[in-house]
> 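Before we start, here is the structure in question, set down as structure tokens.
Residues: numbered from 1 along the sequence shown. Just so you know, these numbers use all the heavy atoms, side chains as well, and skip hydrogens, waters and symmetry mates.
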Amino acid sequence: MRLCSLLLLCLAAYLSSSYVISPPHMWTKLILTHHWPSTFCGMEVPVCHPNISYWTLHGLWPDKGIDCNSSLCINIYINVCCVLQDLLPDMKKSWPDLLSPMSTGFWKYEWHKHGTCAAKAESLNSQHKYFSKALELYHKLDLDSILTKFDIIPSENYYKLSQIEGVIENFYSVKPKIQCVHPSKNAGFQILGQIEICFNSDFTLLDCEKHLTTTPKGHLDNHIAVDKTSGFSVCDQDVPVYYPTPS
């Protein structure tokens, strides 16, 4: 009975997604998204686990599509602890679920929403390929160490956004997308929360503002680049940036 329910869920998702995803189906850019645990947990009520002092993975997102291939979705329920067994120690450390550390729910969600779209490329067409490539890119960038090396560290002091952008641009030679939490219009500061660094389909670095497509009405189609449900939005260039210390 439970298996039937899962299959019905997959079928429903497939039917609905077939009307959402428009051609061309293939993505052209991957967005490796890091978030700062202290900022993320400051947004969550009532339970979060912010006692992590390094940038962790939020996800690896293709720039086109959401929930692309529901024929793959049954795998998220039965394969996490089997297919990904060799990756689990690294995933628990580098890609933790800050809300439920003992759960696989966060990874299942990322696979269903983004991994099934990334899987349109042969290099990412399985759970193991998708998660292992995300971890590989995360460690290759080593964003946390680079920020620390150039004195961008959690502090009670404020940074200019240009300082943080400059370190990333100078080291990686590409422009990132940096997102903040904006406490209120009158707060006088914004809180550093999320950093996106982008890749071409061949996994070479790419400016995050490049390769944007246009809709028939001429508007930029960049809806995946900022996960609006996360509570983060693009940082304001003119507002001081607070980089909170781990709690």
> If you group Ile, Leu, Val, Met, Phe, Trp and Tyr by side-chain heavy-atom gaps below 4.5 Å, do Phe150 and Ile168 land in one group?
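Same hydrophobic cluster.
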> Give the intermediate values and the outcome of side-chain contact (heavy atoms from CB on, under 4.5 Å) for residues Lys64 and Met26.
CA-CA 7 Å; Lys64 294 180 184 177; Met26 186 59 188; over 6 Å; no
> Please check if the side chain of Thr116 supplies one atom and the backbone of Cys68 the other of a donor-acceptor pair under 3.5 Å.
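Yes, Thr116 side chain to Cys68 backbone: donor-acceptor pair under 3.5 Å.
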> State plainly whether one hydrophobic cluster holds both Tyr172 and Val167, where clusters connect Ile, Leu, Val, Met, Phe, Trp and Tyr through side-chain heavy atoms under 4.5 angstrom apart.
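They do share one cluster, since a chain of ILVMFWY contacts under 4.5 Å joins Tyr172 to Val167.
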> Should Asp207 and Cys198 count as side-chain neighbours, where that means a heavy-atom distance under 4.5 Å?
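Heavy-atom side-chain distance check fails, nothing below 4.5 Å.
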> Quick check for you: to the nearest 0.5 Å, what is the distance between Tyr158 atom OH and Gln190 atom CD?
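That separation rounds to 11.0 Å.
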> Between the side chains of Trp61 and Glu110, is a donor N or O closer than 3.5 angstrom to an acceptor N or O?
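Glu110 and Trp61 do have a side-chain donor-acceptor pair below 3.5 Å.
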> Quick one, Gln194 and His58 - any side-chain contact, counting heavy atoms below 4.5 Å?
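A side-chain contact exists here, since the closest heavy-atom pair is under 4.5 Å.
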> Looking at side-chain heavy atoms only, is the closest gap between Leu124 and Lys133 below 4.5 Å?
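A side-chain contact exists here, since the closest heavy-atom pair is under 4.5 Å.
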> Should Thr104 and Trp111 count as side-chain neighbours, where that means a heavy-atom distance under 4.5 Å?
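When only atoms from C-beta onward are counted, Trp111 and Thr104 do not touch, as no gap falls below 4.5 Å.
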> Under 3.5 Å, is there a donor-acceptor pair between the Thr56 and His34 side chains?
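Not at all, the side chains of Thr56 and His34 share no donor-acceptor pair under 3.5 Å.
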> Got a second to check how far His114's NE2 is from His112's NE2, nearest 0.5 Å?
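So the gap between those two atoms works out to 11.5 Å.
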> To check you understand the geometry: which heavy-atom pair defines the closest contact between Ser123 and Phe203, and what is its length?
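Minimum heavy-atom contact is OG-CZ, 3.5 Å.
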> With the side chain counted from C-beta on, respond yes when Thr33 and Leu57 share a heavy-atom pair under 4.5 Å apart, and no when they do not.
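Of all side-chain heavy-atom pairs linking Leu57 with Thr33, none is under 4.5 Å.
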> Exactly one of Asp142, Leu147, Ile146 should register a side chain to side chain contact (heavy atoms under 4.5 Å, CB included) with Trp55. Which one does?
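Answer to the side chain to side chain contact (heavy atoms under 4.5 Å, CB included) test with Trp55 among Asp142, Leu147, Ile146: Leu147.
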> Using modelled atom types and a 3.5 Å cut-off, is there a donor and acceptor pairing between side-chain atoms of Ser103 and backbone atoms of Ser100?
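Flag not set: sc Ser103 to bb Ser100 has no pair under 3.5 Å.
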> Between Thr39 and Pro244, which heavy-atom pair has the shortest distance, and what is it?
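So the two residues come closest at OG1-CG, 3.4 Å.
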> Say whether Val239 and Ile164 are linked into one hydrophobic cluster, either directly or through other cluster members, by side-chain heavy-atom distances under 4.5 angstrom.
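Result: no, two separate clusters.
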> Can you confirm whether Ile195 sits close enough to Gln179 that some side-chain heavy atom of one is under 4.5 Å from a side-chain heavy atom of the other?
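Sidechains of Gln179 and Ile195: no contact.
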> Within 45 degrees of the ring normal and closer than 6.0 Å to the centroid, is that where the cationic atom of Lys29 sits relative to Phe199?
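Lys29 over Phe199 ring: no.
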> Would Trp95 and Phe131 count as a ring-ring contact (aromatic ring centres under 6.0 Å, His included) here? Give the steps.
CA-CA 10 Å; Trp95 203 336; Phe131 287 108; 5.2 Å; yes
> For His128 and Val83, work out which heavy atoms get closest and say how close.
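Where His128 meets Val83 most closely, the heavy atoms are CD2-O, 3.2 Å.
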> Would you say the side chains of Asn186 and Ser184 form a donor-acceptor pair under 3.5 Å?
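Short answer, no.
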> So, for His35 and Phe232, is the gap between ring centers shorter than 6.0 Å?
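No, the ring centres sit 6.0 Å or more apart.
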> Kindly indicate whether the side chain of Leu30, heavy atoms from C-beta on, has any atom under 4.5 Å from the side chain of Leu206.
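Sidechains of Leu206 and Leu30: no contact.
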> Would you give the length of the straight line joining atom CG of Asn51 to atom SG of Cys41, rounded to the nearest 0.5 angstrom?
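Going from the CG atom of Asn51 to the SG atom of Cys41 covers 8.5 Å.
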> Report yes if the distance between the aromatic ring centroids of Tyr54 and Trp36 is under 6.0 Å, otherwise no.
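No, ring centres 6.0 Å or more apart.
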> Restricting to non-hydrogen atoms, name the atom on Pro62 and the atom on Trp27 that form the minimum distance, rounded to 0.1 Å.
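Nearest pair, atom of Pro62 first, then Trp27: CB-CG, 3.4 Å.
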> Would you say that Ile178 contacts Val234 through its side chain, given a criterion of any heavy-atom pair below 4.5 Å between the two side chains?
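With C-beta onward as the side chain, the pair stays apart.
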> Let me confirm one number: the CE-CG distance from Met43 to Leu98, rounded to the nearest 0.5 Å.
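One finds 11.5 Å between CE of Met43 and CG of Leu98.
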> Within the distance-only criterion (no hydrogens, no angle test), does the side chain of Asn125 pair as donor or acceptor with the backbone N or O of Ala121 below 3.5 angstrom?
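Side chain of Asn125 to backbone of Ala121: no pair is present.
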> Checking Glu169 side chain against Gly166 main chain: does a donor-acceptor pair fall under 3.5 Å?
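Here the side-chain-to-backbone pair does not exist.
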> Which distance, rounded to the nearest 0.5 Å, do you find between the OG1 of Thr204 and the CG of Asp202?
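If we round to the nearest 0.5 Å, Thr204:OG1 and Asp202:CG are 3.5 Å apart.
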> Work out which heavy atom in Ser38 is nearest to a heavy atom in Pro246; give both atom names and the distance.
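Closest approach of Ser38 to Pro246: OG-CA, 3.0 Å.
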> Output the distance between atom CH2 (Trp107) and atom CG (Leu88), rounded to the nearest 0.5 Å.
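If I round to the nearest 0.5 Å, the distance is 5.5 Å.
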> Asn157 and Tyr242: which non-hydrogen atoms are nearest, and at how many Å?
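Minimum heavy-atom separation between Asn157 and Tyr242: O-CD1, 4.4 Å.
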